[in-house]
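What's counted below: heavy atoms across the whole structure, side chains too, no hydrogens, waters or symmetry copies. Predicted, not measured: the structure shown is a model, and the values here were computed from it.
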Amino acid sequence: HEAYRENMRLKLDLSNVCRRWRALMREFVYEFVWISQGAQAKALAYTLLMEDAKGAPVSSGWYIRRLHIETSTLDRCAPIDVRNILAYASNLVVFTDHHSVKQNVFVPQDPRCTTETLFSLVAQSSKDLRRLSWKNHDETPLHIQMSALFNRPSAIEYLEITTSPSEHASWLPQDFPAIELPALRAL
């Protein structure tokens with residue numbers, strides 16, 4: 001994580017030289033986003049939404065290739081912020097969530113932020129998605145949540161899905177449909 005910070009400092013220093021350099025460095029500043037605090041996700045989501053509202057010709061989200069979310073337990077990201085980031089990150093190659101999206105099992109989930117919705121945003125983001133690491137808290141059967149991801153040609157090489165088993169889970173492993181991931185190297 002320290003190497004990422006040093007790399008980011010250098011990119012930001014170069015982007016602050018002048019307006020022209022800022023435009024040139026934008027791709028490099030956004031190519032790898034590491035979110036370590038919920039406030040960072042909120043700030044990035046806000047930036048992407050404001051660019052869209054102002055009619056920016058290209059969203060900064062278009063440059064995001066790798067999105068890594070790893071926060072402390074007490075500072076998780078709001079699902080709506082992750083949803084908004086994924087909606088603009090149309091060229092993801094790597095998406096990693098290290099148990100960093102807030103989930104409250106006692107409050108009804110915002111329908112815009114269901115696991116199925118987030119998976120569909122990841123699936124539509126890029127045909128080149130190679131690495132997916134995800135923590136799932138939802139009781140909906142996993143194959144239904146991930147249908148958008150598995151019902152299309154896939155380049156996924158690494159897939160890690162961590163689920164929270166529930167005593168109310170409505171599916172058994174034999175109910176899981178066959179899926180094809182021809183490029184898969186690690187599960």
Asn91/Asp128 under side-chain contact (heavy atoms from CB on, under 4.5 Å): CA gap, chis, key distance, verdict: CA-CA 8 Å; Asn91 291 306; Asp128 296 325; over 6 Å; no
Checking side-chain contact (heavy atoms from CB on, under 4.5 Å) for the pair Val122/Leu129: CA distance, chi angles, key distance, verdict? CA-CA 8 Å; Val122 169; Leu129 185 68; 3.4 Å; yes
I'd like to check the side-chain contact (heavy atoms from CB on, under 4.5 Å) partners of Arg19; sequence neighbours left out, ordered by chain and number.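 Partners of Arg19 by the side-chain contact (heavy atoms from CB on, under 4.5 Å) criterion come out as none, since no residue qualifies.
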Name all residues meeting the side-chain contact (heavy atoms from CB on, under 4.5 Å) criterion together with Arg66; count only those two or more places apart in sequence or in a different chain, and write none if there are none.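 For Arg66, the residues satisfying side-chain contact (heavy atoms from CB on, under 4.5 Å) (neighbours in sequence not counted) are Phe32, Val94.
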Those residues that, when tested against [X], pass salt bridge (charged side-chain N to carboxylate O under 4.0 Å, His left out) (two or more places apart):
X	value
Arg20	none
Arg185	none
Glu31	Lys11

Going through the checks in order, is the side-chain contact (heavy atoms from CB on, under 4.5 Å) test met by Asn16 and Arg22? CA-CA 6 Å; Asn16 287 326; Arg22 178 172 297 211; 2.7 Å; yes
Who are the side-chain hydrogen bond (donor to acceptor under 3.5 Å, both in side chains) partners of [X], not counting sequence neighbours?
X	result
Asn7	none
Asp81	Lys42
Asp13	none

Going by heavy atoms in the side chains, are [X] and [Y] under 4.5 Å from each other?
X	Y	value
Trp134	Leu118	yes
Glu157	Arg131	no
Leu12	Val29	yes

For residues Ala87 and Leu121, report the shortest heavy-atom separation together with the two atoms involved.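 Between these two residues, the closest heavy atoms are CA-CD2, 4.0 Å.
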Got a sec, which residues hit ring pair (Phe, Tyr, Trp, His ring centres under 6.0 Å) with Trp34, two or more places apart in sequence or on another chain?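 Listed in chain order: His1, Tyr4, His68.
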Once ring pair (Phe, Tyr, Trp, His ring centres under 6.0 Å) is applied, do any residues pair with Tyr63, and if so which ones, sequence neighbours excluded?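 Result, ring pair (Phe, Tyr, Trp, His ring centres under 6.0 Å) vs Tyr63: none returned.
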Nearest-0.5 Å distance, [atom1] of residue [X] to [atom2] of residue [Y]:
X	Y	atom1	atom2	answer
Thr71	Ile35	OG1	CD1	9.5 Å
Ile64	Leu44	CD1	CG	5.0 Å
Met25	Tyr30	CE	OH	12.0 Å
Thr96	Tyr158	OG1	OH	8.0 Å
Asn84	Thr47	CG	OG1	11.5 Å
Ile161	Ser133	CD1	OG	7.5 Å

Using modelled atom types and a 3.5 Å cut-off, is there a donor and acceptor pairing between side-chain atoms of Gln40 and backbone atoms of Gln37?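 Here the side-chain-to-backbone pair exists.
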Sub-3.5 Å donor-acceptor pair from the side chain of Thr117 to the main-chain atoms of Cys113, do we have one?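 It does not hold such a pair.
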Tell me who clusters with Tyr46, hydrophobic residues only, linked when side chains sit under 4.5 Å apart either directly or through other members.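 For the cluster that includes Tyr46, the remaining residues are Met50.
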Derivation of the side-chain contact (heavy atoms from CB on, under 4.5 Å) call for Asp97 and Glu70: CA-CA 6 Å; Asp97 166 29; Glu70 185 173 358; over 6 Å; no
Is there a chain of hydrophobic side chains (I, L, V, M, F, W, Y, each step under 4.5 Å between heavy atoms) that links [X] to [Y]?
X	Y	result
Val17	Phe28	yes
Leu24	Trp62	no
Ile80	Leu67	no

Salt bridge (charged side-chain N to carboxylate O under 4.0 Å, His left out) partners of residues 46-62, not counting sequence neighbours, each pair once: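 Only Arg26-Glu51 qualify under salt bridge (charged side-chain N to carboxylate O under 4.0 Å, His left out).
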